[in-house]
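I have placed the structure first, in the form of structure tokens, so that the comments after it can refer back to it.
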Protein chains: 2
Amino acid sequence: MKSSTSQEIQLKWNADAFVPRVSIDLVIFGFHDGQLKVLLLRWKNGEDWMLPSGFILHEEDMENAAHRSLQQRTGLQSVFLQQFHTFGEADRFKHFSKQETMRRLGFPGDTDEPLFRRHVSVGYYALVEFAEVVPTPDELTDECRWWDVEEVPPLLFDHNDMIRLALKVLRRQLSYQPIGYNLLPEKFTMPELQRLYETILGQPLDRRNFQKQMLGYGILERLEERKTGGAHKAPYLYRFDKEKYEQALDDGMSTHGL
Amino acid sequence: MKSSTSQEIQLKWNADAFVPRVSIDLVIFGFHDGQLKVLLLRWKNGEDWMLPSGFILHEEDMENAAHRSLQQRTGLQSVFLQQFHTFGEADRFKHFSKQETMRRLGFPGDTDEPLFRRHVSVGYYALVEFAEVVPTPDELTDECRWWDVEEVPPLLFDHNDMIRLALKVLRRQLSYQPIGYNLLPEKFTMPELQRLYETILGQPLDRRNFQKQMLGYGILERLEERKTGGAHKAPYLYRFDKEKYEQALDDGMSTHGL
DNA sequence: TCAAAAGTGTTTAGCATACACCCATGC
DNA sequence: GCATGGGTGTATGCTAAACACTTTTGA
């Protein structure tokens with residue numbers, strides 16, 4: 001753990017550019033290798049991991065700030081992004097105290113570092129296509145990579161709570177509106193889609209019922225056979241009907257249709 | 001519209017005591033006379049109405065701040081209070097521009113009044129027992145009273161949007177968890193409970209199915225007959241089983257069980 | 001030819017909807 | 001006694017859950 005003074009870091013992060021006291025935290029979900037993944041950042045010169053976060057520019061809509069931050073970490077432009085909870089506890093330091101956290105992150109003493117002032121944080125979760133993401137650290141972090149949701153280490157602040165709640169909301173959401181458009185490649189098989197659902201829900205589903213349900217939504221378009229190396233009967237490929245998919249999303253919930 | 005300088009108002013509202021840039025807005029629902037009501041405040045010396053709002057003390061949890069503000073407006077201590085959305089648009093002035101709003105509220109010129117700086121606002125909705133509320137204006141308002149949800153006038157800021165969304169979330173919530181504990185007196189009849197549901201949902205329900213569904217939740221306790229002046233067959237009185245009610249709430253959703 | 005994965009259709013059960021009859025009370 | 005509101009039970013239908021057989025393919 002090398003020394004890096006708070007000055008050093010402050011230089012690269014201009015607190016004045018942003019609305020103070022409000023932050024955005026992103027729980028970015030991806031799906032790969034039959035596992036649900038979440039994107040985490042490792043703080044400079046250390047072993048501490050955290051969620052990607054962002055701040056709101058003075059004249060910027062918060063939702064835009066969330067999209068912008070997501071874009072900066074993943075390279076992705078338009079994805080499923082949903083506000084799920086706002087965290088407003090006075091003390092949001094969980095595994096380590098504020099003092100301890102500052103020390104670990106290279107802010108010695110009790111400087112009045114804007115980063116460590118009390119923040120209210122708005123949590124968003126995103127569903128993105130794993131293969132298209134280019135994980136990119138920011139000015140404060142050394143590394144950005146996917147973690148298996150089941151293997152997330154103790155994170156800084158209350159970020160473990162955030163992931164847990166995001167997952168809870170995601171699971172509920174799954175039951176009344178289709179999800180998958182942003183988590184899978186353009187063409188996918190029904191078993192792949194099913195595995196995605198099973199992974200998110202954490203429980204096995206019946207193949208036949210699943211297929212019926214999905215097709216029942218009327219948002220899937222079937223293509224031709226799938227050839228590739230699969231060592232068994234070749235499954236069909238499907239594609240989402242963007243139009244109808246969006247429709248189904250709106251019908252379910254949405255914070256927009258005020 | 002009398003003159004009241006911004007100084008006059010600022011004196012009574014100490015912005016330094018609170019976390020800046022974050023506000024809390026409360027959509028307080030009550031039920032009376034077969035109508036869903038919402039509690040509104042009228043700004044000093046004017047005709048402009050708005051939602052009760054609050055701010056977070058520096059060392060205070062946001063949820064506590066919401067409860068505290070609610071307590072101050074209603075006198076009620078423990079009620080159903082739920083965060084439903086955080087509003088983060090850069091410009092949250094709807095019916096009137098910022099300039100116009102400041103003028104109407106007695107802040108002439110473009111003083112840098114903390115109240116009118118850009119805020120991110122966390123919306124909570126509350127369900128309270130109408131008869132127990134003592135509507136109480138705050139330092140910035142002259143009047144606090146109930147409005148029929150259907151007859152709410154154009155409000156300041158984006159407060160009409162907030163009510164609309166709160167109602168939407170409340171309706172959805174109603175479908176997967178019981179509600180009513182905080183909106184009705186301790187003892188109530190099944191038809192009363194039904195009228196509450198019908199009012200919230202904005203549609204008539206079948207008496208018999210409604211009763212079955214409610215009793216199915218296993219959260220109601222039936223008492224003896226109801227005597228009073230009702231000009232027809234006396235309906236039974238019921239009471240919520242607090243234990244089981246709380247249980248049912250937790251089973252449904254909840255932002256707590258992280 | 002066999003195991004493993006995928007495609008398809010039928011039965012069943014639970015819950016929500018629709019609906020009808022009897023009882024109490026005030027005018 | 002009749003209109004109004006309240007109490008209760010049954011029939012129906014739809015959707016979700018449970019379940020079995022056939023087909024393809026590589027080893």
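Labels below follow one simple rule: chain letters A, B, ... track the order of the sequence lines, proteins then strands, and each chain is numbered from 1.
- With a heavy-atom cut-off of 4.0 Å to chain B, the contacted part of DNA chain C has its first and last nucleotide at C:dT17 to C:dG26.
- The side chain to side chain donor-acceptor pair (under 3.5 Å) search around B:Arg195 returns none, not counting sequence neighbours.
- Only A:Arg207, A:Arg208, A:Gln211, listed by number, bring a heavy atom of residues 197-211 of chain A to less than 4.0 angstrom from any atom of DNA chain C.
- You won't find any donor-acceptor pair under 3.5 Å spanning the side chain of A:Lys233 and the base of D:dT22, going by distance alone.
- Just one residue in the list A:Phe80, A:Tyr217, A:Phe188 forms a ring-ring contact (aromatic ring centres under 6.0 Å, His included) with A:Phe240, and that residue is A:Phe188.
- How far OH of B:Tyr124 is from OG1 of A:Thr86: 8.0 Å, rounded to the nearest 0.5 Å.
- The side chain to side chain donor-acceptor pair (under 3.5 Å) test applied to B:Thr189 returns no partner, not counting sequence neighbours.
- Residues passing the side chain to side chain donor-acceptor pair (under 3.5 Å) test with B:His32, sequence neighbours excluded: none.
- Put simply, OH on A:Tyr236 is 11 Å from C1' on D:dT24, counting in whole angstrom units.
- Mapping B:Pro191 and B:Lys212 onto DNA chain D by nearest heavy atom places B:Pro191 at the nucleotide closer to the 5' end.
- The A:His232 side chain lies nearest to D:dT25 when the options are D:dT25, D:dG6, D:dG5.
- A cation-pi arrangement is present between A:Arg222 and A:Tyr236, with the terminal nitrogen or guanidinium carbon under 6.0 Å from the aromatic centre and inside a 45° cone about the axis.
- Residues A:Ala231 and A:Met190 each lie close to DNA chain C; by heavy-atom proximity, the contact nearer the 5' end of the strand is made by A:Ala231.
- The side chain to side chain donor-acceptor pair (under 3.5 Å) test applied to A:Gln71 returns no partner, not counting sequence neighbours.
- Note: CZ (B:Phe188) to P (D:dG6) measures 15 Å, nearest angstrom.
- Taking the six-membered ring where the residue is Trp, B:Phe210 and B:Tyr197 present perpendicular rings, their angle passing 60° and hence far from 30°.
- The distance between atom CE of A:Met214 and atom P of D:dT15, rounded to the nearest whole Å, is 15 Å.
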